[in-house]
Amino acid sequence: MNTPGVKRLSLDCKATVIIGDYSRGGNTRGNNQAQDHDMGSTQKYIPCGIVDEDSGQLYLNFGSSYKTSDFIVDTIEQWWLTLSDQERQTTKTIQLKVDNGPECSGVRTQFLSRMVDFAQRINTTIQLLYYPPYHSKYNPIERCWGILEQHWNGSKLVDVSTMIAWAQSMTWKGIKPIIHLSTSLYSKGISLSEQQMKIVEMSLDRNPELPKWDLLIHP
């Protein structure tokens with residue numbers, strides 16, 4: 001249900017996309033000469049997606065580095081910049097449904113620190129809602145990934161521009177996605193100390209019954 005002032009979002013990262021002369025799904029379109037396994041390609045991209053459950057607008061960020069907390073939060077921040085001034089001004093709460101992956105879980109210190117900083121900068125409440133283990137398939141973004149895979153299945157993603165072109169030409173609920181290609185480099189293993197997290201936790205309101213699964217971030 002569309003609630004005024006609330007942005008209901010679903011977020012997740014898709015499996016890494018390998019760039020090169022590889023078949024997808026065992027079949028290729030047009031020229032059917034393709035490799036059937038990874039020959040050590042160095043070009044790999046991680047798609048991170050956000051879908052607005054009410055409008056159907058899909059945002060895709062293709063990262064060329066690692067899937068980290070910083071990459072995920074940068075994707076959220078870049079999505080925010082795609083909104084109109086009016087949308088940003090009228091949004092009072094961002095409700096974000098995510099799976100409980102290691103990069104964005106309810107106990108991941110770097111992720112929570114970045115999200116608190118983001119909420120404070122945009123002066124907007126953020127609610128993080130996590131799916132329990134083995135239930136992420138119910139996250140609405142998963143259906144978008146299924147459509148994208150069907151859309152480019154059989155194509156050869158021989159270079160980055162081809163990958164982006166295929167992503168741009170898909171539709172979700174009749175709407176073409178907004179695409180971003182990230183060139184940022186990310187480091188793995190960034191975490192906060194216990195003392196630093198005490199400050200972050202002051203901005204978190206954890207559901208007493210589901211403290212790791214339902215968090216409110218106050219700006």
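Residue indices begin at 1 and follow the sequence shown.
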Within-4.5 Å side-chain heavy-atom neighbours: [X] and [Y]:
{"X": "Leu215", "Y": "Tyr130", "value": "yes"}
{"X": "Gln78", "Y": "Thr82", "value": "no"}
{"X": "Thr91", "Y": "Ile122", "value": "no"}
{"X": "Lys67", "Y": "Cys48", "value": "no"}
{"X": "Thr162", "Y": "Ser155", "value": "no"}
{"X": "Val160", "Y": "Met163", "value": "yes"}

So, for [X] and [Y], which heavy atoms are closest and what is the spacing to 0.1 Å?
{"X": "Pro219", "Y": "Ala119", "result": "CB-O, 3.4 Å"}
{"X": "Arg88", "Y": "Leu81", "result": "NH1-O, 3.5 Å"}
{"X": "Ser69", "Y": "Gln110", "result": "CB-CG, 4.1 Å"}
{"X": "Val98", "Y": "Asn139", "result": "CA-ND2, 3.8 Å"}
{"X": "Phe111", "Y": "Ser105", "result": "CD2-O, 4.0 Å"}
{"X": "Val200", "Y": "Leu192", "result": "CG2-CD2, 3.9 Å"}

Residues passing the side chain to side chain donor-acceptor pair (under 3.5 Å) test with Asn207, sequence neighbours excluded, are Asp214
Quick check on the hydrophobic clustering: are [X] and [Y] connected, directly or via other members, by side-chain heavy-atom contacts under 4.5 Å?
{"X": "Leu60", "Y": "Leu181", "answer": "yes"}
{"X": "Ile141", "Y": "Trp80", "answer": "no"}
{"X": "Val116", "Y": "Leu9", "answer": "yes"}
{"X": "Val73", "Y": "Leu204", "answer": "yes"}
{"X": "Ile178", "Y": "Leu83", "answer": "yes"}

Sorted by first residue and then second, give each ring-ring contact (aromatic ring centres under 6.0 Å, His included) pair with at least one member in residues 188-219; sequence neighbours left out.
none
Got a donor-acceptor contact below 3.5 angstrom from the Thr16 side chain to the Tyr45 backbone?
no
Expected output: side-chain Ser64 to main-chain Ser182 donor-acceptor under 3.5 Å
yes
Interatomic distance, [X] atom [atom1] to [Y] atom [atom2] [nearest 0.5 angstrom]:
{"X": "Thr68", "Y": "Ile190", "atom1": "OG1", "atom2": "CD1", "result": "7.0 Å"}
{"X": "Thr124", "Y": "Gln120", "atom1": "OG1", "atom2": "CD", "result": "11.5 Å"}
{"X": "Lys173", "Y": "Ile147", "atom1": "NZ", "atom2": "CD1", "result": "11.0 Å"}
{"X": "Gln95", "Y": "Leu216", "atom1": "CD", "atom2": "CG", "result": "9.5 Å"}
{"X": "Ile94", "Y": "Ile217", "atom1": "CD1", "atom2": "CD1", "result": "9.5 Å"}
{"X": "Glu201", "Y": "Thr109", "atom1": "CD", "atom2": "OG1", "result": "10.0 Å"}

Test side chain to side chain contact (heavy atoms under 4.5 Å, CB included) on Ser65 and Ile46; report intermediate values, then the result.
CA-CA 8 Å; Ser65 184; Ile46 302 165; over 6 Å; no
Which one of Ile175, Ile179, Val51, Asp52 satisfies the side chain to side chain contact (heavy atoms under 4.5 Å, CB included) criterion with Leu58?
Val51
Please work out whether the ring planes of His180 and Tyr59 are parallel, tilted or perpendicular, with thresholds of 30° and 60°.
parallel
Tyr186: what forms a ring pair (Phe, Tyr, Trp, His ring centres under 6.0 Å) with it, not counting sequence neighbours?
Phe71
Crowded around Lys212 NZ? As in, over 12 foreign heavy atoms under 6.0 Å?
no
Go through Ile76 and Ile126 one step at a time and tell me if the side chain to side chain contact (heavy atoms under 4.5 Å, CB included) criterion holds.
CA-CA 11 Å; Ile76 298 169; Ile126 298 175; over 6 Å; no
Taking 4.0 angstrom as the limit, do Arg114 and Asp117 come out as a salt bridge?
no
